Amino acid sequence: MGLIKELVLLPFAPVRGSGWVIGQVLQEAERIYYDPSTIRAELARLEEQLEAGEIDEEEFDRQEDELLDRLETGLRRGGATGNGTAR
């Protein structure tokens with residue numbers, strides 16, 4: 001039965017392979033997006049923008065809240081160590 005199933009599904013192999021690749025890319029993108037070290041670097045850049053006068057206090061607060069929410073979500077997920085690598 002397994003061989004017949006594989007033969008029938010063979011034309012769909014590129015689609016299944018593409019789905020796997022897309023899943024891997026999505027997983028890596030989420031790992032980077034929620035990585036604490038990435039978020040800390042973005043917070044540092046945000047503070048530099050505020051000090052340079054490129055953004056005002058209101059924009060700083062809004063973006064900082066978004067980054068802190070992202071950091072909290074990433075820490076709850078427990079998928080990163082904070083040094084740029086996944087556990």
Side-chain angles (χ1 to χ4, degrees):
M1 181 67 180
L3 178 60
I4 294 172
K5 178 182 172 186
E6 288 300 317
L7 287 173
V8 170
L9 294 177
L10 188 60
F12 298 104
V15 174
R16 291 188 321 200
S18 297
W20 179 83
V21 169
I22 291 169
Q24 295 297 308
V25 169
L26 179 62
Q27 186 178 14
E28 180 65 10
E30 286 179 346
R31 186 195 64 78
I32 292 169
Y33 183 76
Y34 289 112
D35 183 59
S37 62
T38 301
I39 297 170
R40 286 186 196 105
E42 290 182 33
L43 283 167
R45 280 193 298 272
L46 187 63
E47 190 169 345
E48 289 172 2
Q49 288 177 330
L50 177 66
E51 291 173 358
E54 297 172 9
I55 59 173
D56 61 10
E57 189 75 31
E58 184 178 316
E59 180 66 15
F60 174 82
D61 289 340
R62 186 186 66 74
Q63 290 186 28
E64 181 186 41
D65 288 343
E66 289 175 8
L67 288 169
L68 292 175
D69 288 344
R70 216 169 91 194
L71 179 62
E72 183 179 329
T73 300
L75 293 175
R76 272 198 319 261
R77 295 170 89 206
T81 60
N83 63 2
T85 60
R87 275 194 236 177

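As the structure is a prediction and not an experimental result, all values here were calculated from the model.
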When you check the side-chain N and O atoms of Q24 and E28, is any donor under 3.5 Å from an acceptor? no
Residues which pass salt bridge (charged side-chain N to carboxylate O under 4.0 Å, His left out) with [X], listed by chain and number, not counting sequence neighbours:
| X | value |
| --- | --- |
| R45 | none |
| E72 | R76 |
| E64 | none |

From [atom1] ([X]) to [atom2] ([Y]), nearest 0.5 Å:
| X | Y | atom1 | atom2 | result |
| --- | --- | --- | --- | --- |
| L71 | L75 | CG | CG | 4.5 Å |
| E51 | F60 | CD | CZ | 8.5 Å |
| I55 | Q49 | CD1 | CD | 5.0 Å |
| L43 | E48 | CG | CD | 11.5 Å |

In terms of hydrophobic clusters joined by side-chain contacts under 4.5 Å, are I39 and L68 together? yes
Are L3 and L10 connected in a single hydrophobic cluster, I mean Ile/Leu/Val/Met/Phe/Trp/Tyr linked by side-chain heavy atoms less than 4.5 Å apart?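 Shared cluster, no.
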Kindly give the heavy-atom pair with the smallest separation between P11 and P14, and that separation in Å. O-CD, 3.6 Å
Pair Y34, R77 - check side-chain contact (heavy atoms from CB on, under 4.5 Å), show working. CA-CA 9 Å; Y34 289 112; R77 295 170 89 206; 2.5 Å; yes
Geometric cation-pi criterion, R70 with Y33: 6.0 Å, 45°: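 Pair R70/Y33 counts as cation-pi.
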Salt bridge check, R62 against E58: does any charged N sit closer than 4.0 Å to a carboxylate O? no
